[in-house]
Each structure stands twice: as structure tokens, then as C-alpha cells.
There are 2 protein chains.
Amino acid sequence: MRVATFNVNSLRVRQQILLDWLEEAQPDVVCLQELKMKDEKFPAKAIAEAGYEHQVVWGQATYNGVAMISKTPIENSHTGFRVGPKDKQARLVQGTVNGVRILGCYAPNGTKLSTDKFAYKLTWYARLMRELSVGTTNADDVLVCGDMNIAHTANDVKNPNESAGRLHYHPLEHDTFNRLLAWGLVDAYRSRNPKSKDFTWWDYRMDAFNRDMGLRIDYMLATESLNKRITDVTQWKGPRALEKPSDHIPVTIDIA
Amino acid sequence: MRVATFNVNSLRVRQQILLDWLEEAQPDVVCLQELKMKDEKFPAKAIAEAGYEHQVVWGQATYNGVAMISKTPIENSHTGFRVGPKDKQARLVQGTVNGVRILGCYAPNGTKLSTDKFAYKLTWYARLMRELSVGTTNADDVLVCGDMNIAHTANDVKNPNESAGRLHYHPLEHDTFNRLLAWGLVDAYRSRNPKSKDFTWWDYRMDAFNRDMGLRIDYMLATESLNKRITDVTQWKGPRALEKPSDHIPVTIDIA
DNA sequence: GATTCGAAAG
DNA sequence: CTTTCGAATC
């Protein structure tokens with residue numbers, strides 16, 4: 001089973017790029033982020049015709065919006081957190097496919113340190129971690145994936161010295177990310193590529209893609225048991241080089 | 001010599017459609033309307049590379065904006081009216097090519113009867129007519145062309161009964177247009193196609209193009225001496241059927 | 001730099 | 001329906 005995550009940054013604009021990539025990569029399950037559209041605008045038909053007839057969508061106008069699409073049934077699906085008050089922002093979609101519990105995430109950006117939005121980012125992560133223990137333990141096959149908006153280690157940023165203490169690479173974000181991993185998750189890509197510096201996001205500005213000034217902020221975080229079954233992790237750089245690309249690229253894992 | 005008029009409704013959006021059409025139709029001189037861009041955004045280089053190195057541009061942000069581009073030199077060029085106060089709206093470009101005085105027009109729409117904008121439309125026409133006598137008489141080769149925003153006769157609208165008294169087909173507009181012709185201009189297309197009902201503009205709304213619910217509002221108006229030299233008048237419907245078309249089509253005349 | 005929205009215009 | 005703009009967000 002191939003599972004993917006892809007922050008499309010507007011599904012309206014990126015629909016063809018997504019469909020072309022689905023055709024190429026043939027994932028079985030895909031978590032999508034930043035749909036930037038209401039549920040009723042979700043191109044359910046076109047995506048079903050591409051083979052993904054099982055769809056869990058939590059859309060939102062303008063900002064956020066997540067979905068899980070699958071060739072095989074999605075069980076026990078939920079949108080948002082099940083514990084605590086309803087999150088107004090559409091950032092989480094949950095479901096179980098072939099016995100793997102998948103949490104598709106669009107973690108808050110945080111915008112700026114010492115703002116409400118940064119506080120919301122940390123709170124959101126705390127709630128995500130709490131959510132993991134609802135119905136599963138770290139002995140189960142659990143996958144947390146998506147745009148996590150945190151660059152975890154020195155090889156997840158271009159220049160660690162320049163990034164130190166800044167948004168996406170701040171100690172408070174690292175603590176948060178480490179706590180998530182400490183629950184019992186393994187960074188599937190990094191565990192197989194300990195030293196590589198391959199990013200998943202490049203700003204649209206400053207010719208960042210051509211200068212490879214990016215971040216690795218899109219992750220596949222698997223429990224140990226699940227990680228052992230993963231036979232491949234691929235970051236698909238191709239779609240970033242197309243016309244009118246998303247600023248993120250898709251990431252896939254293959255599960256034996 | 002082939003002379004064209006084309007209201008592109010945003011040269012930014014229509015640049016490729018324009019270049020493709022120039023390649024196809026090979027006009028020598030083209031009057032463009034609704035550039036919707038400032039002078040500094042005009043794609044002077046791309047248009048020069050297409051063979052039109054002589055350019056007179058009067059751009060404007062958001063609304064209006066006109067240009068005359070030519071393969072051969074444009075003499076005695078002017079933007080706007082030479083008589084009276086400067087018009088704030090970029091609606092007129094003048095120049096002489098191969099002895100033919102050309103006035104490229106984007107006449108005001110008028111928006112609604114009994115508004116300032118409708119009054120401005122009539123005033124603008126009065127000023128245009130006054131302009132004709134500056135340096136020329138009706139015995140010279142003069143061409144008034146462009147988006148005139150008036151449907152002159154019953155065959156210039158789909159249903160004359162429905163259009164009667166409405167904007168674009170109002171008696172005040174017909175009087176104005178008739179006065180312009182009375183100065184000594186002939187509608188080159190209509191003089192050769194007395195009964196045809198072929199439009200130059202179709203609203204983007206209501207599937208108007210497919211239902212042929214259009215207007216003929218883009219004209220080539222020539223003095224009698226010039227009209228006699230015209231060997232062909234063509235309204236190019238093709239570009240309206242492309243993806244992301246202008247709502248207007250180009251019109252050309254061939255001058256012997 | 002790219003996206004969304006709503007307003008204004010045609 | 002299409003376009004432009006300015007504000008907001010990332």
C-alpha cells in the first residue's frame with residue numbers, strides 16, 4: 001500500500017497537477033492539505049474517476065482545508081479533533097485504511113513568534129498528540145503525515161545557523177515535535193536518509209526553488225511497528241518544477 | 001495594407017491570443033483597446049519581435065488603455081484629443097500610416113442611461129468628431145476604427161425589438177453615430193454586407209457566444225475616398241472560440 | 001510570489 | 001462571466 005501526503009495550496013488551481021501526479025505515482029491513499037475551498041467545491045467526481053472513490057473532506061473557504069482520498073475504504077473516519085472543543089480551522093482528517101490509522105495534518109504555520117498564532121500552533125500540536133491515544137497506542141500501526149510546518153533537524157533547513165531561533169526551526173517547535181516523536185513515532189524519511197538534505201517546500205519568492213532554499217516540513221511519522229513495514233519513502237520533487245506549482249511537493253511511503 | 005482593430009480586454013491575459021492572431025492575420029497596423037495596463041507593462045519587446053516595432057501606447061491601470069502598433073512607421077502620432085482639455089481616460093490613439101490617418105478608439109460604454117457615464121459617452125463622441133477636422137477633411141484618407149460601443153442598425157443587434165431604447169442601441173447613440181458618419185465616413189463592413197448579421201462582441205455571461213447573442217460594435221469607418229480603396233473587410237470570429245478569449249473579436253480591412 | 005475574497009466595472 | 005484592485009495570509 002502506497003500512502004501519500006500533498007499540500008496542494010489550492011485544489012482549484014492545482015487540480016490538474018494533482019490528477020497528473022496521481023496517475024504517475026498511483027498512491028492508494030492520499031492526504032491533501034490547503035484545499036482552500038468549501039466542501040461543496042471539492043472536485044469529488046474528477047477524483048473518484050481517477051480511482052479515489054473513498055473521500056473524507058473537511059473543506060474551508062480561503063484557508064486550510066484537508067482531505068483523505070483512497071482507492072480502498074476508509075474506516076472510522078473523523079474530521080478534526082475528537083477530544084476537546086471543535087477546532088474552527090480545517091486542519092486534520094483521520095481514517096483507517098487496511099488497518100493503518102492515518103492522521104492527515106495541516107499544522108498551523110505560526111506566522112510569527114510571540115503571536116496568538118504561534119501559541120495556537122503549539123496548542124494544536126498538544127491536541128494532536130492527545131488525539132493519538134484515542135483508540136490506539138504506540139504499539140498499533142499509526143501514521144501521522146502531512147504538512148507539519150516544523151523543520152526538525154539541521155538537515156531539514158538549508159542553513160541551520162541562519163534558521164536558528166526562527167519560525168519553523170525554533171526550540172519551542174523542536175520540543176513540540178520531539179514530544180510527538182517521543183509518543184512513539186519515527187520519521188520514516190529521516191530514519192532511512194540520516195544525512196540527506198532534501199526539502200519538501202520552497203517559498204515562491206526569491207527564486208527559492210532554483211536556489212534550493214527550502215525546508216523539509218512534510219513528514220511521514222510512523223509507529224515503530226509500521227515503520228518496519230515501510231519499504232520506500234519518496235519525496236517527489238518533479239511537481240515543484242511544473243508551471244504554476246504548489247510550493248510543497250508530495251511525499252509517499254510504501255507499506256509492505 | 002491591412003489595418004486591424006482588436007479590443008483585447010486585458011493585454012496581459014490576452015497577449016498570447018494576440019500574438020497568435022497577428023501571426024495568422026498578418027495585419028500591418030493594429031489598433032488595440034482595453035489594454036488595462038500602464039504604459040510600463042506594455043509588452044513592447046514581444047510585440048516588436050512579432051514585427052510591430054512602431055508602437056504608440058497610451059496605457060492606464062485597470063480600465064481603458066489603447067495602442068497603435070505597426071510594421072511601418074507611424075507619423076504624426078497623438079494620444080487622446082488634441083482639442084480641448086486632456087481626457088483622463090485612455091481611449092484614443094492617433095497616427096498616420098502610409099498616408100492614411102487612423103484614429104483608434106475605445107468609445108465609452110455608457111453603463112446606464114441617465115448617468116454621468118452616458119453623458120460622458122455622448123460628449124466623447126462630440127469631441128471625436130471635432131478631432132477629425134484637425135488637419136484633415138472628409139476628402140482625405142481617414143479611418144476611425146475600434147470599439148465604438150454603439151450598435152448602429154437593426155442588423156447590428158440580435159433582436160432589434162428587445163434592444164430598442166437600451167444602452168448600445170438607443171436613439172441618442174444612433175444620432176451620435178449618424179452625426180459621425182455624416183461628417184463623411186462610411187461603415188466599411190456594412191457597405192459591403194448590407195444585410196448580414198455578424199457580430200463583433202458577445203457577453204461572457206449567459207453562454208452568449210454559443211447562442212450568438214452579440215452586438216456589432218467594432219467598426220472600420222472610412223472616408224469615401226479610402227472606402228473605395230478597401231478590397232476586403234473581415235470580422236475574425238475564430239479568437240472568440242479559444243480558451244480565455246476576449247469578449248470582442250478583431251476586424252481587418254485591406255487597403256489597395 | 002501566490003492564493004483567497006469582495007467590490008467595481010463591463 | 002471576466003477582469004482589476006487591495007487587503008490578508010502563508
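Heavy atoms only: backbone and side chains are in, while hydrogens, waters and symmetry mates are out. Note on naming: letters A, B, ... go to the chains in the order of the sequence lines (proteins, then strands), and numbering restarts at 1 for each one.
By the 6.0 Å and 45° rule, R240(A) stacks over the aromatic ring of F209(A).
One can place CD of E34(B) at 11 Å from P of dT4(D), the figure rounded to the nearest angstrom. Atom pair K41(B):NZ and dT4(D):C1' shows a separation of 10 Å (rounding to whole Å applied). If you measure from atom CG of D147(A) to atom P of dC10(D), you get 12 Å, rounded to the nearest angstrom. Between H248(B) atom NE2 and dC1(D) atom P there is a gap of 18 Å when expressed in whole angstrom units. One interatomic measurement links the two molecules: CD of Q60(B) to C1' of dA9(C), which rounds to 13 Å at whole-angstrom precision. Protein atom CZ of F118(B) is 18 Å distant from nucleotide atom P of dA9(C), rounded to whole Å. Nucleotide dA8(C) holds its C1' atom 14 Å from the NZ atom of K112(B), rounded to whole Å. Rounded to whole Å, the distance from CG on L242(B) to P on dC1(D) is 19 Å.
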Polar pairs (N or O, both sides) under 3.5 Å between protein and nucleotides 6-9 of chain D?
from   : atom 1 : to     : atom 2 : distance (Å)
dT9(D) : O4'    : Y63(A) : OH     : 3.2

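Of the side-chain N and O atoms in S10(A), one or more sit less than 4.0 angstrom from OP1 or OP2 of dT4(C). Listed pair K244(B) / dT3(D) meets the phosphate criterion, a side-chain N or O lying under 4.0 Å from OP1 or OP2. Phosphate proximity of dT2(D) to R14(B): absent, as no side-chain N or O sits under 4.0 Å from OP1 or OP2.
Contacts of residues 198-219 of chain A with DNA chain D (heavy atom under 4.0 Å): none.
N9(B) and K36(B) share a donor-acceptor pair across their side chains, judged by distance under 3.5 Å alone. For the residue pair Y120(A)/N109(A), the side-chain donor-acceptor check at 3.5 Å is not satisfied. Side-chain contact of Q235(B) with D198(B): a donor-acceptor pair under 3.5 Å is absent, judged by distance alone. A donor-acceptor contact closer than 3.5 angstrom is absent between the side chains of T79(A) and Q94(A).
The aromatic rings of W201(B) and H248(B) lie tilted to each other, with the angle between the two planes from 30° to 60°. Relative ring orientation between F177(A) and Y219(A) is described as tilted, the plane-to-plane angle lying within the 30° to 60° band.
Taking only side-chain atoms of V13(B), from C-beta outward, the nucleotide of dT4(C), dT3(C), dT3(D) with the closest atom is dT3(D). Nearest to the side-chain atoms of Y106(A) among the listed nucleotides dT4(D), dC5(C), dC10(D) stands dC10(D). The side chain of A61(B) approaches dC5(D) more closely than any other nucleotide in the set dT3(C), dC5(D), dT4(C).
For K197(B) against P160(B), the heavy-atom pair with the smallest separation is NZ-CD, 4.0 Å.
Just one residue in the list N64(A), N149(A), T5(A) forms a side chain to side chain donor-acceptor pair (under 3.5 Å) with Q33(A), and that residue is T5(A).
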